[in-house]
Amino acid sequence: MRKRFCAILGICAMLVGCGSPAGETSLEVPENIPDTAEQEQVAQQEYEMITIDENTKYQTIESFGTSGCWWSQYVGGFDKDPDEDGVSTRDAIATLLFDREKGIGLSCYRFNLGAGSVEAKNGDFSDIHRRAQNFLDENGNYDFSKDENAVWFLKKATEMGVGEVVLFCNSPLVTLTENGMAHMTEGGSRTNLDPSNYPAFAKYCLDVAEHFVEEGVPVKFISPINEPQWDWYGGQEGCHYAPEEIPGVYLAFLDELEKRPALKDVKLSGPESGEWKGQAKNYTSALLNDERLAAHFDTIDNHSYWSSTMDKMTFRTWMDVNYPDVKLRTSEWCEMVNGSDVTMDSAYHIAQEIANDLRILNVVSWQNWVGVAPGGYRDGLIYIDEKTQKFTALKRLYSFGNYSRYVRPGYTRVDLKTSSKSQEDMLPVAFVGTNDQGKEELVMVFINESMNDETFVLDGIQGYNNIAAFVTSDDLDLECVLNEGYEASKPVTIAKRTVTTLVLTRE
């Protein structure tokens, strides 16, 4: 284990405010300055080392995102100002999700293409908001004035800079399903969609995609299947598919997609398995063992529910052996725990899930399940009270922002080696990229859930002359606590009980 002797009169501590211009330093001076002998003793303190190798590169990030499922269809209509501050509820929430200065700067938005359970008025839905509209009128003609609240958020996300939109389906249209519902009521593990209706399902989804693309929405992916291994008997829209049924659905979509030059930049995504274990390999190989589909799919999207570190390592190894050129994306996750949480507890958990998926699976995209929720579960990034329109930005929103705001699309993960277990416990990740000002950046995220600060020096980097730190903690919401000139060998401290992002810049 290598160590380095460093003077503690460097960065120690998150003492410099972000109001200081880059390159300037404004340190708080302690009341009791140690005498010369004490200073010399401190100067000889040994620090652990974290080594960055910018030449060893892994995945390049495409996006971080969330979905508008089950909340945008009502929150998108909250256009009044409940707080008399000049900002409507929907605009304030959009800012928190998508703005890079006042929010967490998400770069992906998943829009739910509903099956029409609202129009069908049947099925078992205990929560009215889990019903979803489609874009067909009672005569089967397109009516894009429908689902207007959800569409408002889709267009607002686009306006605020989201560059990747995914149109996803939980169930096929009820007009195409075997039982005329958006879920099964009986019959066990079987699909609710006859193969003869695959082309009609594909045509509808691509008609909608083409409409939104014409309106300037950056649709990049269409996902017709969601968590196919589960049996969907109510509570929400859903449809089961066996692995051997997967290729037929996607081939119908690919047939339709290839007819549409307006959608030349759109890809299919899936199979959206609910986990990285179990049948995930069966669904993935069903896609990638078909020659046409294998030529189309350069990424696979799955969900990270109920998947351990070993599950993810096993799946990553299997992909490396069988499909080494196919990238992975985590397209859905939330903490499956009942009860509301507004504390750092769930903030650590979402950050740890993101870090593990980045480090183990090498995912190029990571997406939280829902952006907004009513509470009572650890799912949304924001809790809202529908009656009052009052909302709470949660700690897990900001810890997610420790990644999404600073690790931008196009940034590449590079090798990071730790010199101690306590450092490794922080699940650190490092990325390099070029920011909007054309300056090179090194971005690192650390999760320090322990009761001890972690101080170290960075090794293997050259030429960075500014460092900034952004902290989420019990008291801070993704706030800048450090912004000053940087010199190699200065110690860096990650405060206890924080999620911290360090951004080093070559000016």
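One is the number of the first residue; the rest follow in order along the sequence. FYI, side chains are in, hydrogens and waters are out, and symmetry mates aren't considered; it's all heavy atoms of this structure.
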Go through it in stages, so that I can follow the logic: the residues are Phe253 and Leu206, the test is side-chain contact (heavy atoms from CB on, under 4.5 Å), and I'd like the CA-CA distance, side-chain angles, deciding distance and then a yes or no.
CA-CA 8 Å; Phe253 272 75; Leu206 272 69; 3.7 Å; yes

Worked check of salt bridge (charged side-chain N to carboxylate O under 4.0 Å, His left out) between Asp341 and Lys395: CA-CA 9 Å; Asp341 182 69; Lys395 290 295 181 181; over 6 Å; no

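- Taking 4.5 Å as the limit, some side-chain heavy atom of Asp290 sits within range of a side-chain heavy atom of Leu251.
- Between Leu293 and Leu288 there is no side-chain heavy-atom pair separated by less than 4.5 Å.
- Using a 4.5 Å cut-off on side-chain heavy atoms (C-beta onward), Glu258 and Arg292 make contact.
- Judged by distance alone, with hydrogens and angles left aside, the side-chain atoms of Arg110 form no donor-acceptor pair with the main-chain N or O of Val370 at under 3.5 Å.
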For this session: Apply side-chain contact (heavy atoms from CB on, under 4.5 Å) to Cys169 and Cys205, showing your working.
Result: CA-CA 9 Å; Cys169 304; Cys205 292; 3.6 Å; yes

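- A donor-acceptor contact shorter than 3.5 Å is absent between the side chain of Asp301 and the backbone of Pro271.
- The line from CD of Glu386 to CH2 of Trp71 is 13.5 Å long, rounded to the nearest 0.5 Å.
- Listed for the Asn192 side chain is a donor-acceptor partner under 3.5 Å among the backbone atoms of Met181.
- With salt bridges taken as basic N to acidic carboxylate O contacts below 4.0 Å, one links Lys312 and Asp357.
- Cation-pi contact between Arg90 and Phe78: absent, since separation from the ring centre below 6.0 Å together with deviation from the ring axis within 45° is not met.
- The distance from the OH atom of Tyr233 to the OG1 atom of Thr185 is 8.5 Å, given to the nearest 0.5 Å.
- A 4.5 Å side-chain heavy-atom check between Val165 and Leu154 finds at least one atom pair inside the cut-off.
- Counting only N and O atoms by type, the side chains of Glu237 and His183 include no donor and acceptor under 3.5 Å apart.
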(request) Let me see the working for Gln229 and His240 under side-chain hydrogen bond (donor to acceptor under 3.5 Å, both in side chains), right down to the final yes or no. (result) CA-CA 6 Å; Gln229 66 265 63; His240 174 87; over 6 Å; no

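- Using a cut-off of 4.0 Å between Lys/Arg side-chain N and Asp/Glu carboxylate O, Glu62 and Arg329 are scored as salt-bridged.
- Using a distance-only test at 3.5 Å, with no hydrogens or angles considered, a donor-acceptor pair links the side chain of Arg408 to the main chain of Ser404.
- Taking each heavy atom of Thr177 and Pro172 in turn, the nearest pair found is CG2-O, 3.9 Å.
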Practice task
Would you please test Leu136 and Leu173 for side-chain contact (heavy atoms from CB on, under 4.5 Å) and show each step?
Solution key: CA-CA 10 Å; Leu136 298 175; Leu173 290 168; 4.0 Å; yes

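- Under the 4.0 Å criterion applied to side-chain N and carboxylate O atoms, Glu215 and Lys155 are assigned as salt-bridge partners.
- A salt bridge links Glu119 with Lys146: the closest approach of a Lys/Arg side-chain nitrogen to an acidic carboxylate oxygen falls below 4.0 angstrom.
- Going from atom CG of Asn356 over to atom CG of Asp311 covers 11.5 Å, rounded to the nearest 0.5 Å.
- Between the side chains of Thr330 and Gln367, no donor-acceptor pair of N or O atoms lies under 3.5 Å.
- Nearest heavy atoms, Ile222 versus Pro224: O-CD, 3.6 Å.
- Donor-acceptor pairing under 3.5 Å is lacking for the side chains of Thr472 and Ser399.
- The two residues Trp276 and Ser304 come nearest to each other via the heavy atoms NE1-OG, 2.7 Å.
- Aromatic ring pairs are classed by plane angle as parallel below 30°, tilted from 30° to 60° and perpendicular above 60°; the pair Tyr109 and Phe98 is perpendicular.
- By the 4.0 Å N-to-carboxylate-O rule, Arg190 lies close enough to Glu178 to be salt-bridged with it.
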- Message: Does Ser307 form a side-chain hydrogen bond (donor to acceptor under 3.5 Å, both in side chains) with Glu275? I'd like the steps, not just the answer.
- Response: CA-CA 6 Å; Ser307 300; Glu275 54 192 0; 5.2 Å; no

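- With hydrogens and angles disregarded, no donor-acceptor distance shorter than 3.5 Å links the side chain of Thr501 to the backbone of Val445.
- No side-chain N or O of Thr412 forms a donor-acceptor pair with one of Gln59 less than 3.5 Å apart.
- The cationic atom of Arg413 (NZ for Lys, CZ for Arg) lies less than 6.0 Å from the six-membered ring centre of Tyr58 and within 45° of the ring axis.
- The ring of Tyr142 has its center no closer than 6.0 angstrom to the ring center of His211.
- In this structure, Asp81 CG and Thr89 OG1 are separated by 7.5 Å, a value rounded to the nearest 0.5 Å.
- Ring centers of Phe111 and Phe212: under 6.0 Å apart, within the cut-off.
- Remark: the Glu441 side chain and the Tyr411 side chain contain an N/O donor-acceptor pair separated by less than 3.5 Å.
- Residues Asn134 and Gly114 come closest through the heavy atom pair CB-O, 3.7 Å.
- The aromatic ring centres of Tyr406 and Phe431 sit 6.0 Å or more apart.
- Between the side chain of Asn435 and the backbone N or O of Gln437, at least one donor-acceptor pair lies under 3.5 Å.
- In this structure, CD in Glu332 is found 9.0 Å from OG1 in Thr66, a value given to the nearest 0.5 Å.
- For the pair Lys439/Thr434, no side-chain contact is recorded, criterion being any heavy-atom separation below 4.5 Å from C-beta on.
- In this structure, His296 contributes its side chain and Leu268 its backbone to a donor-acceptor pair below 3.5 Å.
- Between the side chain of Ser107 and the main chain of Phe64, a donor-acceptor pair closer than 3.5 Å is present.
- Ion pairing between a basic and an acidic side chain is recognised when a charged N comes within 4.0 Å of a carboxylate O; Asp91 and Lys156 show such pairing.
- Counting heavy atoms of neighbouring residues, nucleotides and ligands inside a 6.0 Å radius, atom CD of Glu101 does not exceed 12 of them.
- Using cut-offs of 30° and 60° on the angle between ring planes, the pair His129 and Tyr74 is parallel.
- No side-chain donor-acceptor contact under 3.5 Å links Tyr323 to the backbone of Trp318.
- At distances below 3.5 Å, not a single donor-acceptor pair connects side-chain atoms of Trp232 with backbone N or O atoms of Pro228.
- Under 4.0 Å is where a charged nitrogen must lie from a carboxylate oxygen, and between Arg316 and Asp320 at least one such pair does.
- When the shell of 6.0 Å around CE of Met336 is examined, it contains more than 12 heavy atoms from other residues, nucleotides or ligands.
- Of the N and O atoms on the side chains of Ser223 and Glu272, at least one donor lies less than 3.5 Å from an acceptor on the other residue.
- For Trp333 and Trp306, the ring centers sit 6.0 Å or farther from each other.
- Electrostatic pairing of Asp207 and Arg260 counts as a salt bridge here, judged by a charged N lying under 4.0 Å from a carboxylate O.
- Asp345 and Arg378 are joined by a salt bridge, as a carboxylate oxygen and a charged side-chain nitrogen come within less than 4.0 angstrom of each other.
- For Lys390 and Asp385, the salt-bridge test fails: no basic side-chain N is under 4.0 Å from an acidic carboxylate O.
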